[in-house]
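Structure record follows, encoded as structure tokens.
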Amino acid sequence: RYPLVTGVQTCALPISAHRQQIERMSQQMPGMDMKLLETPAMKQQTLDEMVRERVLLVASAKDHLVIGNERLQALFRNDPQYAMVRRPDGSVNAELLAAQGMSSAAFAERLRQDYAMRQVLGGVTGSEPAGGAAEQLAVDALLQRREVQLQSFEPKDYVDKINPSEADVQAYYQAHTAQFRAPERATINYVVLDAEALKSQITVSDEELAKYYKENLSRYTQAEERQASHILINAGKDEPAATREKAKARAEALLAEVRKNPDSFAELAKKNSQDVGSAERGGDLGWFARGAMVKPFEDAAFSMKAGEISNLVESEFGFHIIKLTGVRGGEVQPLDKVRGQILDEIRKQLAQKRYTEVAEQFSTMVYDQPDSLQPVMDKLKLPMQTAVVARTPVPGAKGPLASAKLLDAVFANDSLKNKHNTEAIETGPSQLVAAHVTSYQPEAVQPLDAVRAQVLLQVRNEQAAAAARKDGEARLAALRKSPSDTLPHSVTLSRTHPEGQPREVLDAVLKVDLSQAPAVLGVDLGPRGYAVAKVVKIVPREASDGDTAQAQPFVRQALAEAESQAYYALLKKRFKVETHPDAIPAAADAQAAK
């Protein structure tokens with residue numbers, strides 16, 4: 001346990017609290033290496049979170065920030081954070097909570113504490129920030145613009161002049177041997193058992209093909225579609241009979257006009273159809289399959305021939321006059337055309353069935369005959385594959401070689417020292433892999449001759465950067481002696497308009513004191529060279545500067561957060577909080593020993 005004193009109470013951080021935090025993160029990020037969380041810094045973070053919770057709970061109790069039942073229910077019903085555990089009627093989903101090992105009463109108490117803690121800092125974070133002069137000063141500081149003269153000294157301008165000696169190359173190599181270590185490698189043979197590997201072994205007779213085709217004929221039949229236009233006169237099914245009769249009479253009159261002049265259908269639809277969606281297109285409904293239209297309309301459209309005009313069709317929407325403008329689909333693809341597709345489908349199904357039958361046999365054989373993969377290859381007619389692998393998957397790896405579990409097995413002692421097969425490793429859905437190490441190369445420093453080109457390039461770059469820095473420092477010294485001199489490149493910089501300058505240059509330019517402007521400074525950019533800057537003056541921002549409106553919300557949020565942190569610090573002082581982070585490692589060891 002990690003001790004924490006809060007007033008007169010002692011709060012402890014159980015090891016289990018940090019384990020729970022790791023489990024939550026593991027569920028959220030399954031691919032993350034959880035060992036990265038087993039560090040003193042992460043344990044300190046867990047401790048800080050628990051201290052914060054205890055401080056806010058004590059503060060809410062002492063300040064009588066009580067959440068009543070009605071208030072709790074109202075907050076829960078409207079809080080999007082808890083939508084997943086809220087039923088449509090606003091009540092808590094007790095079954096879902098129970099599945100997570102929590103009762104409704106425990107959840108309500110946890111919720112009450114959560115809202116109580118929010119109230120402690122809510123008065124600070126939810127209030128208007130200082131505003132006025134404070135906010136304006138913060139915005140001005142964030143968006144301040146400065147007129148700057150610059151001169152860059154870039155290594156690329158020096159590289160061609162650099163000729164490292166053999167002694168330089170030797171010295172760099174010896175000082176940086178860690179950079180030239182060849183990583184640990186293993187050459188492996190491996191065998192994959194999955195449906196894809198078994199497909200090629202499957203033979204399908206013509207009779208099986210024909211039977212499958214017949215049983216699945218609908219899959220090889222193109223759906224029949226119709227293209228139609230219509231004129232609709234609205235008359236809902238709940239309208240009075242007199243209204244429907246009037247609508248029907250109008251539709252019959254339009255049908256008569258269409259019969260006299262079929263070519264006028266589109267124009268009549270534009271002027272008279274009460275289907276807003278299609279009227280402006282001359283009643284065109286486009287292509288549709290069965291099930292897309294109401295039943296009476298569908299029955300009529302699929303019984304017509306292209307170019308035909310229907311009688312009145314009554315539906316729940318009113319009265320339709322339909323003109324069928326196109327017919328397509330309905331054709332059955334012949335067996336010869338889909339033979340390859342059917343063959344692949346049957347093989348997939350049979351290969352999956354075969355995989356289920358032989359998976360246990362595969363696992364048993366690679367374990368019982370550990371000195372070679374040949375027996376299982378011969379028995380199941382599987383091909384051997386070869387690869388060179390490291391302990392971790394290479395970027396972009398796919399298939400079995402992307403499996404960390406398989407690589408762990410490859411580099412296990414039994415595989416490396418005893419030259420035994422790995423166990424059958426599941427590297428994907430319905431996929432088993434076994435590997436056998438044929439050669440192993442431990443991590444080692446590569447000889448200079450093998451990496452000479454790489455060493456020479458790095459020495460040249462390093463010496464070019466040093467030459468750039470030397471000239472930059474000389475220019476800086478000269479400029480300090482003659483402040484009236486100018487630099488070749490003049491620009492106005494701000495955080496929102498860095499003008500392509502490196503972050504280090506921008507930060508240095510905006511931090512320098514201009515009480516005695518101009519200010520001269522140099523910025524060492526390491527392998528990117530050196531920059532000399534002369535900061536001339538602050539450039540006033542224009543009243544129409546659009547960045548101001550965008551910056552204000554961020555500034556207000558930052559000010560509110562700063563006030564919140566300051567208030568939290570006062571609460572810790574008020575309740576005499578003491579933390580002992582030095583005790584974390586010892587406490588963890590003590591807990592682990594129990």
Original post:
Is it true that a side-chain atom of Glu298 and a backbone atom of Gly291 form a donor plus acceptor pair closer than 3.5 Å?
Top reply: yes
Original post:
Do side-chain atoms of Thr422 reach the backbone of Ala435 as a donor and acceptor pair under 3.5 angstrom?
Top reply: yes
Distance-only donor-acceptor pairs under 3.5 Å for side chains of residues 391-406, two or more places apart:
unit_1: Arg391; atom_1: NE; unit_2: Glu184; atom_2: OE1; d: 2.5
unit_1: Arg391; atom_1: NE; unit_2: Glu184; atom_2: OE2; d: 3.4
unit_1: Arg391; atom_1: NH2; unit_2: Glu184; atom_2: OE2; d: 3.3
unit_1: Ser403; atom_1: OG; unit_2: Lys405; atom_2: N; d: 3.4
unit_1: Ser403; atom_1: OG; unit_2: Leu406; atom_2: N; d: 3.1

Working to the nearest 0.5 angstrom, can you tell me the gap between [X] [atom1] and [Y] [atom2]?
X	Y	atom1	atom2	result
Glu578	Lys576	CD	NZ	10.0 Å
Leu198	Lys381	CG	NZ	11.0 Å
Tyr190	Thr427	OH	OG1	9.5 Å
Arg347	Ser200	CZ	OG	8.0 Å
Met377	Met384	CE	CE	3.5 Å
Lys237	Glu316	NZ	CD	5.5 Å

**OP:** Determine, stepwise, if the pair Gln441 / Val388 fulfils side chain to side chain contact (heavy atoms under 4.5 Å, CB included).
**Re:** CA-CA 10 Å; Gln441 177 184 328; Val388 178; over 6 Å; no
With a 4.5 Å cut-off on side-chain heavy atoms, are [Y] and [X] touching?
X	Y	result
Tyr367	Asn421	no
Asp378	Val376	no
Gln431	Glu426	no
His497	Leu493	no
Tyr220	Ile342	yes
Leu380	Arg354	yes
Gln201	Leu382	yes
Tyr440	Phe411	yes

Testing the basics here: between [X] and [Y], what is the closest heavy-atom pair and its distance to 0.1 Å?
X	Y	answer
Tyr568	Leu56	CD1-CD2, 4.4 Å
His436	Lys419	CE1-O, 2.7 Å
Ala424	Val366	N-CG2, 3.9 Å
Tyr567	Val120	CE2-O, 3.6 Å
Val51	Val577	CG1-CG1, 3.9 Å
Phe575	Val55	CE1-O, 4.0 Å

Is the closest side-chain donor-acceptor distance between [X] and [Y] under 3.5 Å?
X	Y	answer
Thr438	Asn189	no
Tyr213	Arg219	no
Tyr82	Asn93	no
Asn69	Gln73	no
Glu345	Tyr212	yes

Quick test of your reading of the model: are [X] and [Y] salt-bridged, counting only N-O distances below 4.0 Å?
X	Y	result
Lys348	Glu196	no
Arg87	Glu95	yes
Arg52	Asp48	no
Arg118	Asp79	yes

**OP:** Show the numbers, then the answer: is there a side chain to side chain donor-acceptor pair (under 3.5 Å) between Arg110 and Tyr115?
**Re:** CA-CA 9 Å; Arg110 176 69 255 186; Tyr115 286 128; over 6 Å; no
Subject >> Positive for side chain to side chain contact (heavy atoms under 4.5 Å, CB included) with Val437, one of Leu416, Asn418, Asp414 >> reply: Leu416
**OP:** Evaluate the criterion side chain to side chain donor-acceptor pair (under 3.5 Å) for residue pair Ser430 and Asp194; output intermediate values, then yes/no.
**Re:** CA-CA 6 Å; Ser430 299; Asp194 59 10; over 6 Å; no
Original post:
What pairs meet the salt bridge (Lys or Arg N to Asp or Glu O under 4.0 Å) rule with one or both residues in residues 62-71, with sequence neighbours excluded?
Top reply: Asp63-Arg574
Original post:
Does Arg86 make a cation-pi contact with Phe76, if we ask for NZ or CZ under 6.0 Å from the ring centre and within 45° of the axis?
Top reply: yes
Subject >> Steps toward side chain to side chain contact (heavy atoms under 4.5 Å, CB included) verdict (Val509, Val523) >> reply: CA-CA 9 Å; Val509 163; Val523 182; over 6 Å; no
**OP:** Go through the steps to decide whether Gln361 and Lys379 satisfy the test side chain to side chain contact (heavy atoms under 4.5 Å, CB included), and finish with yes or no.
**Re:** CA-CA 10 Å; Gln361 184 180 11; Lys379 180 70 175 179; 3.1 Å; yes
Subject >> Worked check of side chain to side chain contact (heavy atoms under 4.5 Å, CB included) between Leu111 and Leu72 >> reply: CA-CA 8 Å; Leu111 203 61; Leu72 183 66; 4.0 Å; yes
Original post:
More than 12 heavy atoms of other residues, nucleotides or ligands under 6.0 Å from CD of Glu239: is that the case?
Top reply: yes
Original post:
Are Arg290 and Glu225 close enough, and set up right, to give a salt bridge (Lys or Arg N to Asp or Glu O under 4.0 Å), and what steps lead you there?
Top reply: CA-CA 7 Å; Arg290 288 188 181 275; Glu225 293 183 313; over 6 Å; no
